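Reading through the structure tokens given below for one structure.
Note that the coordinates shown come from a computational prediction; the quantities given were computed from them, not determined experimentally.
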Amino acid sequence: MAKISELKGFCYPLSPEGKCSLLGNPPWHYGTEYLNIAYRVDPDAVAKWLPEPVELGDHPDVAYVAFSKWWSVWEDGKDMAWTDPERTQYKEAAIWVGCSYKGEQAQMCLPIWVDNDFTMARGWAMGFPKKLGQVSITDLNPYNPGMPAMGPGAKLTGVVASHGERLIKGTLTIERQIAPTELPAPMGRPLIHLRHFPSIVPGAKPSVCELVKLGAANKQADPVAWAGSGELTFFPSQLEEHMPLAPKEVLGAYWFRNGYTFDGAEILHDYNK
């Protein structure tokens, strides 16, 4: 029989070699491409999602939907981009809101859907409430004669569906270039999340219930982002609870690329203590 210390892997499945673990050990390195639509939201609806002691942020009526493409590798698997590309690429769609913890302005991810199992497992470890879904995002190729060039007049669309239901559709019509520093809050702010793992014992408190602030190092970004007008539609669902967070007014839409290294997290509040 194996000692527990002899079973290897960052997460399930723990195995003799650790090779079949769904995730490699952090740090994790990311490159991202975002299609974000900012909008006005009901702050009372946002407040119902935020766990105390997290509070509404300085822009309580502003949220955004992020449709994103991701390329990721872990530190001991940097060759995966060519050995196992299917384990390095995925897409996500999420609703983000601003929040505050002890006066520090941050942001929190509320509903989020992803299209690959390893990113869902990694998200749960980091406090992202990820669920499986199908995410489609416009991908313009500059050598396709039938596609517009990335720039003013081009249109980009993101769509997310899950369990047979279309949930959200967002569109950007590009109008101008901006610097990444001009992206509106809460984009770019620190990430605060709730890590929650229930106990399997009936009636017991959660095995893990803690508020964390995620770290980020080696930050880099394209020098240019694209901005313009946006459209955003939420579709009713029998399974999801995103409709109270539906847009009251679209404020703008943005496309940009960046990258960073996730180098760990800080526990801000332990609900079990």
For Val208, is there any backbone N or O sitting under 3.5 Å from a side-chain donor or acceptor partner on Arg195? no

Using 0.5 Å steps for rounding, measure from the NE2 atom of His269 to the CG atom of Leu194. 10.0 Å

If I take atom CD1 from residue Ile112 and atom CZ from residue Phe128, how far apart are they, to the nearest 0.5 angstrom? 6.0 Å

Minimum side-chain heavy-atom gap Pro190-Glu104 below 4.5 Å: yes

I would like to know whether Lys131 and Glu240 meet salt bridge (Lys or Arg N to Asp or Glu O under 4.0 Å); could you show each step before the answer? CA-CA 11 Å; Lys131 300 174 68 174; Glu240 304 290 352; 3.0 Å; yes

Could you check whether Lys248 pairs with Asp61 (Lys NZ or Arg NE/NH1/NH2 to Asp/Glu carboxylate O, under 4.0 Å)? no

So how far is it from Arg257 CZ to Glu33 CD, rounded to the nearest 0.5 Å? 6.0 Å

Would Val97 end up clustered with Val212 when hydrophobic side chains under 4.5 Å apart are linked, directly or stepwise? no

Would you kindly confirm whether Leu110 and Leu132 end up in one hydrophobic cluster when ILVMFWY residues are joined by side chain heavy atoms under 4.5 Å apart? no

Quick one, Leu56 and Val46 - any side-chain contact, counting heavy atoms below 4.5 Å? yes

Considering non-hydrogen atoms only, spot the tightest contact between Thr157 and Leu35 and give its length. C-CD2, 3.6 Å

Carefully, step by step, assess Ile168 and Phe67 under the rule side chain to side chain contact (heavy atoms under 4.5 Å, CB included). CA-CA 10 Å; Ile168 303 174; Phe67 298 97; 4.0 Å; yes

Looking at Asp263 and Ala217, what are the two nearest heavy atoms and their distance? OD2-CB, 3.5 Å

Separation between CG (Asn258) and CE (Met187), nearest 0.5 Å, reads 11.5 Å

Is it the case that more than 12 heavy atoms not belonging to Glu241 sit under 6.0 Å from its CD atom? no

Just so I know, are the side chains of Met108 and Pro51 near enough to count as touching, which here means a heavy-atom distance under 4.5 Å? yes

For the backbone of Gly259 and the side chain of Lys219, can you confirm whether one donor and one acceptor N or O come within less than 3.5 Å of each other? no

Is it the case that atom CD in Gln89 sees more than 12 heavy atoms from other parts of the structure closer than 6.0 Å? yes

Once rounded to the nearest 0.5 Å, what's the spacing between atom CG of Leu183 and atom OG1 of Thr181? 8.0 Å

Verify side chain to side chain contact (heavy atoms under 4.5 Å, CB included) between Leu22 and Asp117, making sure each step is shown before the conclusion. CA-CA 8 Å; Leu22 197 53; Asp117 59 357; 3.7 Å; yes

If hydrophobic residues (ILVMFWY) are linked whenever their side-chain heavy atoms come closer than 4.5 Å, directly or via other members, who joins Leu14 in its cluster? Ile4, Leu7

Pro60 and Pro43: which non-hydrogen atoms are nearest, and at how many Å? O-CB, 3.4 Å

Side chain to side chain donor-acceptor pair (under 3.5 Å) between Thr32 and Ser68, worked out: CA-CA 7 Å; Thr32 64; Ser68 51; over 6 Å; no

Begin with the C-alpha distance, continue with both residues' side-chain angles, and end with the deciding distance and a verdict on side chain to side chain donor-acceptor pair (under 3.5 Å) for Glu175 and Ser229. CA-CA 7 Å; Glu175 297 172 351; Ser229 58; 3.3 Å; yes

Crowding at NZ, Lys213 (>12 non-hydrogen neighbours, <6.0 Å): no

Would you find more than 12 non-hydrogen atoms of other residues, nucleotides or ligands less than 6.0 Å from Ile267 atom CD1? no

Could you tell me if Arg122 sits above the aromatic ring of Trp28, with its cationic atom closer than 6.0 Å to the ring centre and no more than 45 degrees from the axis? yes

Mind listing the closest non-hydrogen atom pair of Arg189 and Gln107 along with its distance? O-NE2, 2.9 Å

Is the Tyr254-Tyr64 ring centre distance short of 6.0 angstrom? no

Could you please spell out the steps behind the side chain to side chain contact (heavy atoms under 4.5 Å, CB included) verdict for Val114 and Lys91? CA-CA 6 Å; Val114 301; Lys91 295 189 287 292; over 6 Å; no

Check: Leu211 and Ile192 side chains under 4.5 Å, non-hydrogen atoms: yes

Is it true that, when you exclude Phe197 itself, more than 12 heavy atoms of the residues, nucleotides or ligands shown sit nearer than 6.0 Å to its CZ? yes

Are Ile178 and Val250 joined in one hydrophobic group, where the rule is that I, L, V, M, F, W and Y side chains link up if heavy atoms are under 4.5 Å apart? no

Is the shortest heavy-atom distance from the side chain of Phe262 to the side chain of Leu214 under 4.5 Å? yes

With a 4.5 Å cut-off on side-chain heavy-atom distances among I, L, V, M, F, W and Y, is there a chain of contacts connecting Ile95 to Val135? yes

Under 6.0 Å from the CD atom of Glu52, do we count more than 12 heavy atoms belonging to anything else shown? no

Do Phe256 and Trp226 make the cut of ring centroids closer than 6.0 angstrom? no

Any sub-3.5 Å donor-acceptor pair from Asp84's side-chain atoms to Glu86's backbone N or O? no

Does Glu92 pair with Lys130 as a salt bridge, N-O distance under 4.0 Å? yes

Hey, could you give me the CH2/SG distance between Trp49 and Cys109, rounded to the nearest 0.5 Å? 9.5 Å

Restricting to non-hydrogen atoms, name the atom on Ser207 and the atom on Ser199 that form the minimum distance, rounded to 0.1 Å. OG-CA, 3.5 Å

At their closest point, which heavy atom of Ala81 faces which heavy atom of Thr88, and how far apart are they? N-CG2, 3.9 Å

Salt-bridge contact Lys69-Asp115 (side-chain N to carboxylate O under 4.0 Å): no

Does the pair Leu156 and Thr171 meet the rule for a side chain to side chain contact (heavy atoms under 4.5 Å, CB included), with working shown? CA-CA 6 Å; Leu156 307 173; Thr171 298; over 6 Å; no

Hey, does Glu55 have a side-chain heavy atom less than 4.5 Å from the side chain of Leu50? no

Counting only heavy atoms not in Gln238, do more than 12 sit closer than 6.0 Å to its CD atom? no

Is there side-chain contact between Tyr30 and Thr261, with heavy atoms separated by less than 4.5 Å? no

ILVMFWY cluster, Phe10 and Trp70 together (side-chain gap under 4.5 Å): yes

Determine yes or no for a side-chain-to-main-chain donor-acceptor pair under 3.5 angstrom, with His59 supplying the side chain and Cys99 the backbone. no

Apart from Val159 itself, its cluster of hydrophobic side chains linked below 4.5 Å comprises none

Note: with side-chain heavy atoms under 4.5 Å as the link, the other cluster members for Leu251 come out as Val62

Going by heavy atoms in the side chains, are His196 and Pro206 under 4.5 Å from each other? yes

